[in-house]
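Scroll down for the structure; my scribbles are underneath it.
Fair warning: this is a prediction, and the values are worked out from it, not measured in the lab.
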Amino acid sequence: KRLIAGGVKGTLLSTIPPSSAGAWPSMVTGCNPGKTNLLNFRVYDPLSRKIVLTDGRDLKRPALWDILGLYGKKSIVINEPMSYPPHKIKGVMISSFACFQAPTG
């Protein structure tokens, strides 16, 4: 009660579409899934004509820790979904798990 009384509270809505693959990148970039380029864990690749897995390399906007690094601030990022593979930041990044596709045929 004390935290609510002395702070701020409100109802939060998820992203549209309400998918975990789109919501996590939206949370760390402040952009909707259409702008982050991450809507789902898998997408159709027209070049290979196959369903492929998405990951942090598909993120098309800077994350909070990237912006903080531009201002000389360090971050510690641990197990952030959709952060695999880890990339260099000012600080430490331990990426989340990689989604591996089961072998076929």
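- More than 12 heavy atoms of other residues, nucleotides or ligands sit less than 6.0 Å from atom CG of Leu70.
- Heavy-atom minimum distance, Ser20 versus Pro25: O-CD, 4.3 Å.
- A donor-acceptor pair under 3.5 Å is absent between the side-chain atoms of Thr36 and the main chain of Cys31, judged by distance alone.
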Item to complete: Test Lys35 against Arg61 for side-chain contact (heavy atoms from CB on, under 4.5 Å), laying out the working first.
Response: CA-CA 7 Å; Lys35 290 184 179 178; Arg61 294 286 194 259; 4.0 Å; yes
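- For the pair Leu39 and Gly34, the tightest heavy-atom approach, listed with the atom from each and the gap, is CD2-N, 4.1 Å.
- At least one donor-acceptor pair closer than 3.5 Å links the side chain of Thr54 to the backbone N or O of Asn40.
- Of the possible polar contacts, none joining the Ser75 side chain to the Val77 backbone as a donor-acceptor pair under 3.5 Å is found.
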Practice prompt. Please assess Lys90 against Leu68 for the test side-chain contact (heavy atoms from CB on, under 4.5 Å), listing each intermediate value before the final yes or no.
Written response: CA-CA 8 Å; Lys90 186 169 180 71; Leu68 289 171; over 6 Å; no
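- Residue Tyr44 places its OH atom among more than 12 non-hydrogen atoms of other residues, nucleotides or ligands, all under 6.0 Å distant.
- No continuous path of hydrophobic side-chain contacts links Val28 to Met82 [ILVMFWY only; heavy atoms under 4.5 Å].
- Proximity of a side-chain donor or acceptor of Thr15 to a complementary backbone N or O of Gly22 within less than 3.5 Å is not detected.
- Arg57 CZ to His87 NE2: the interatomic distance, rounded to the nearest 0.5 Å, is 12.5 Å.
- A chain of hydrophobic side-chain contacts below 4.5 Å, direct or via other Ile, Leu, Val, Met, Phe, Trp or Tyr residues, connects Trp65 to Met27.
- Residue Lys73 places its NZ atom among 12 or fewer non-hydrogen atoms of other residues, nucleotides or ligands, all under 6.0 Å distant.
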